[in-house]
Amino acid sequence: MKDFHIIHALCRAALASPSNAVIRQIERLRDSLEKEGSKADAKKLTSLLNSMDKACDMAPTRIQKSRIMLAGEELTPNSSIPVDKETAIPLVEVLFPDALLAEQPIFGSNVSLAVQSILDEWVHLEKLSEIDAHPSKSCLIYGSPGTGKTHLALWMARQMGIPVVLARLDGLISSFLGTTSRNIGNLFTFAARYRCILLLDEFDAIAKLRNDPQEVGEIKRVVNTLLQNLDARRDSGITIGITNHEFLLDPAIWRRFDVQIEIPKPSHEVLSKIIGKFLSPLKFKDEEIKFLAWCIEGGTGADAKSLVQWIKKNHVLEQNKESPLVELLRRFALLNSGRIDSAKRNMLVHEEDNLLTALLDNQEFGFKKKEVADFMGIAASTVSKKISKIKEMEQEGRYAQ
């Protein structure tokens with residue numbers, strides 16, 4: 001067929017967001033080409049359709065079948081949201097799938113496997129229903145601040161193609177006796193009315209230990225109300241709780257969630273991936289990215305993002321001047337003492353010799369002498385001389401003892 005390459009490209013673009021109508025028309029075109037004898041072109045369309053089937057196994061269009069299984073009305077921008085009666089502050093913020101985070105968060109293999117398992121349950125919803133099994137409808141996500149918990153929850157919601165009802169703590173928690181419990185009841189009543197994911201961020205604020213001596217009796221009534229509503233929601237919708245302080249949660253809360261996912265601080269490999277992703281369009285070598293990860297080892301994804309944002313700003317302000325990487329990190333350490341381990345901060349700011357030996361002695365990162373020399377903006381021969389001098393001083397120190 002003349003200009004088939006253009007038709008093929010149009011079909012590929014259409015299948016990026018496939019509908020049944022689009023798929024049917026491409027199938028008709030393929031069948032027509034085959035009848036006309038254009039078997040090679042027909043085969044290309046068949047391959048395109050097969051590739052689309054594989055690629056869509058985790059696409060929102062597949063997971064959106066889950067919406068059919070959820071009870072309730074469709075949530076729209078015109079739906080009336082609940083408010084606190086005393087202050088008129090909204091109890092929720094509604095986020096629709098198209099506005100949710102499309103960028104998949106970067107985690108280690110264990111966390112990725114756990115998340116994939118949850119989404120797989122919704123992909124194979126119909127098969128599970130055939131044997132009277134049901135996908136997990138509640139998930140507790142916990143870990144240190146800045147590890148990407150909220151990002152993960154919103155990304156999962158986008159994959160499912162379901163609106164998010166995000167609970168607003170400034171509206172839920174009230175100083176009036178009994179009002180917080182009433183607000184929680186109104187929140188769950190609203191979520192039960194619509195097909196949605198109820199997202200309870202900073203969950204520990206309303207799910208604290210009932211025997212905490214620092215809390216007044218009101219917290220017990222709040223937690224009891226929360227437990228009752230979580231039980232009632234099990235059969236009506238999806239609930240995700242997020243907390244930075246899982247140790248504050250009442251033990252009974254844990255049992256209300258089908259799955260619990262801990263998001264740990266990223267390993268240096270994951271930090272390198274996060275840094276590399278955020279650095280674009282700036283170009284850094286792999287060993288330079290690895291050095292940046294070493295500098296904030298023990299930090300979070302949020303720390304990595306802050307480091308990259310600072311590097312980008314510095315790149316613009318310096319008007320493309322090339323400073324040694326260690327000098328760049330020295331300035332970052334001076335301005336961000338809370339984002340870098342104190343020992344590494346001291347090495348970057350005050351102890352260049354200790355920094356040099358720490359990098360070369362680190363077996364996990366495996367820095368080479370030439371790489372360290374490049375980081376410091378000096379010749380490899382100078383590094384060798386510095387190492388020799390350090391060893392001589394150490395030897396003299398041992399003799400002196």
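- In this structure, the side chain of Glu327 does not engage the main chain of Pro324 through any donor-acceptor pair within 3.5 Å.
- Inter-residue side-chain proximity for Arg168 and Asp201 is flagged as unmet; no heavy-atom pair is nearer than 4.5 Å.
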Contacts table for residues 107-114: side-chain donor-acceptor under 3.5 angstrom, sequence neighbours left out:
| residue | atom | partner | partner atom | Å |
| --- | --- | --- | --- | --- |
| Ser112 | OG | Gly108 | O | 3.1 |

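- Screening residues 295-310 for salt bridge (charged side-chain N to carboxylate O under 4.0 Å, His left out), with sequence neighbours left out, gives Glu297-Lys344, Asp303-Arg339.
- Closest of all the heavy-atom pairs between Ile240 and Ala153 is CG2-CB, 4.1 Å.
- Put simply, CG on Leu95 and CZ on Arg158 are 12.0 Å apart, with the number rounded to the nearest 0.5 Å.
- Two residues are said to be in side-chain contact when any heavy atoms from C-beta on lie closer than 4.5 Å; Val92 and Leu166 fail this criterion.
- Qualifying ring-ring contact (aromatic ring centres under 6.0 Å, His included) partners for Phe278, counting only residues two or more places apart in sequence or in other chains: none.
- In plain terms, the two heavy atoms of Leu271 and Gly298 that are nearest each other are CD1-N, 4.4 Å.
- Residues passing the side-chain hydrogen bond (donor to acceptor under 3.5 Å, both in side chains) test with Lys312: none are found, sequence neighbours excluded.
- Side-chain contact of Ser181 with Arg221: a donor-acceptor pair under 3.5 Å is absent, judged by distance alone.
- Contact annotation: the side chain of Ile118 approaches that of Cys139 to within less than 4.5 Å [non-hydrogen atoms, C-beta and beyond].
- Remark: Glu371 engages no residue in a side-chain hydrogen bond (donor to acceptor under 3.5 Å, both in side chains) (not counting sequence neighbours).
- Here Asn183 pairs with Asp84 under the side-chain hydrogen bond (donor to acceptor under 3.5 Å, both in side chains) rule; sequence neighbours left out.
- For the residue pair Cys295 and Ile340, the shortest heavy atom distance occurs at O-CG2, 3.5 Å.
- The pair Asp258-Arg234 counts as a salt bridge, with a side-chain nitrogen and a carboxylate oxygen less than 4.0 angstrom apart.
- Side-chain N or O atoms of Asn224 include one that pairs as donor or acceptor with a backbone N or O of Lys220 at under 3.5 Å.
- In this model, a donor atom of one side chain and an acceptor atom of the other lie less than 3.5 Å apart for Asp120 and Gln116.
- Listed for the Arg233 side chain is a donor-acceptor partner under 3.5 Å among the backbone atoms of Ile238.
- Contact annotation: the side chain of Pro163 approaches that of Pro97 to within less than 4.5 Å [non-hydrogen atoms, C-beta and beyond].
- Residues Leu187 and Leu198 meet the side-chain proximity criterion, which asks for heavy atoms closer than 4.5 Å.
- At distances below 3.5 Å, not a single donor-acceptor pair connects side-chain atoms of Glu34 with backbone N or O atoms of Ala42.
- A salt bridge between Glu287 and Lys370 is absent, with no side-chain N of the basic residue lying under 4.0 Å from a carboxylate O of the acidic one.
- Side-chain N or O atoms of Lys290 include one that pairs as donor or acceptor with a backbone N or O of Phe365 at under 3.5 Å.
- Ser79 meets the side-chain contact (heavy atoms from CB on, under 4.5 Å) test with Leu75, Thr76, Tyr194; sequence neighbours excluded.
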Solution key, residues 380-389 side-chain donor-acceptor pairs under 3.5 Å, sequence neighbours excluded:
| residue | atom | partner | partner atom | Å |
| --- | --- | --- | --- | --- |
| Ser384 | OG | Lys369 | NZ | 3.2 |
| Ser384 | OG | Ala380 | O | 3.3 |
| Ser388 | OG | Ser384 | O | 3.0 |

#### Entry: Pair Phe188-Leu230, side chain to side chain contact (heavy atoms under 4.5 Å, CB included): steps then yes or no
CA-CA 8 Å; Phe188 277 83; Leu230 285 170; 3.9 Å; yes
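- In this structure, CG on Leu140 lies 9.0 Å from CD1 on Ile253, to the nearest 0.5 angstrom.
- Atom CD of Glu73 has more than 12 heavy atoms from other residues, nucleotides or ligands within 6.0 Å.
- In this structure, Phe367 and Trp294 have perpendicular ring planes: the angle between them is above 60°, well past the 30° mark.
- A search for ring-ring contact (aromatic ring centres under 6.0 Å, His included) contacts involving His245 returns Phe247, not counting sequence neighbours.
- Side chain of Asn229 to backbone of Thr225: a donor-acceptor contact under 3.5 angstrom is found.
- The ring-ring contact (aromatic ring centres under 6.0 Å, His included) search around Phe284 returns none, not counting sequence neighbours.
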### Query
How far apart are the C-alpha atoms of Trp155 and Val115, what are their side-chain angles, what is the distance that settles it, and do they pass the side chain to side chain contact (heavy atoms under 4.5 Å, CB included) test?
CA-CA 11 Å; Trp155 179 79; Val115 173; 4.0 Å; yes
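- When every heavy atom of Ser144 is checked against every heavy atom of Lys265, the shortest pair comes out as OG-CE, 3.8 Å.
- With rounding to the nearest 0.5 angstrom, the CD1 atom of Ile289 is 10.0 Å from the NZ atom of Lys283.
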### Task
Verify side chain to side chain contact (heavy atoms under 4.5 Å, CB included) between Leu226 and Arg256, making sure each step is shown before the conclusion.
CA-CA 10 Å; Leu226 180 61; Arg256 266 60 181 190; over 6 Å; no
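- Listed by chain and residue number, nothing satisfies the ring-ring contact (aromatic ring centres under 6.0 Å, His included) test with His134 (two or more places apart in sequence, or in another chain).
- Put simply, the side chain of Phe291 reaches to within 4.5 Å of the side chain of Val326, judged on heavy atoms.
- With sequence neighbours excluded, the residues that form a side-chain contact (heavy atoms from CB on, under 4.5 Å) with Glu269 are Ser267.
- With values rounded to the nearest 0.5 angstrom, Ser117 atom OG is found 8.5 Å from Ile261 atom CD1.
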### Task
Test Thr243 against Asp204 for side-chain hydrogen bond (donor to acceptor under 3.5 Å, both in side chains), laying out the working first.
CA-CA 6 Å; Thr243 180; Asp204 50 278; 2.7 Å; yes
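- Put simply, OG1 on Thr150 and CG on Leu199 are 6.5 Å apart, with the number rounded to the nearest 0.5 Å.
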### Query
Stepwise, does the side chain to side chain contact (heavy atoms under 4.5 Å, CB included) test hold for Val165 with Phe190?
CA-CA 9 Å; Val165 170; Phe190 175 81; 3.8 Å; yes
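- Minimum interatomic distance between Ile275 and Ile296 (heavy atoms only, all atoms of both residues): CD1-CD1, 4.1 Å.
- The OG1 atom of Thr46 sits 9.5 Å away from atom CG of Leu33, with the distance rounded to the nearest 0.5 Å.
- Shortest non-hydrogen contact noted between Arg330 and Leu348 is NE-O, 2.7 Å.
- Ile197 is not listed as a side-chain neighbour of Met156, based on a closest heavy-atom distance of 4.5 Å or more.
- The shortest distance between side-chain heavy atoms of Gln159 and Trp122 does not fall below 4.5 Å.
- Side-chain rings of Phe257 and Phe203 approach one another, their centers coming within less than 6.0 Å.
- When the shell of 6.0 Å around NZ of Lys277 is examined, it contains more than 12 heavy atoms from other residues, nucleotides or ligands.
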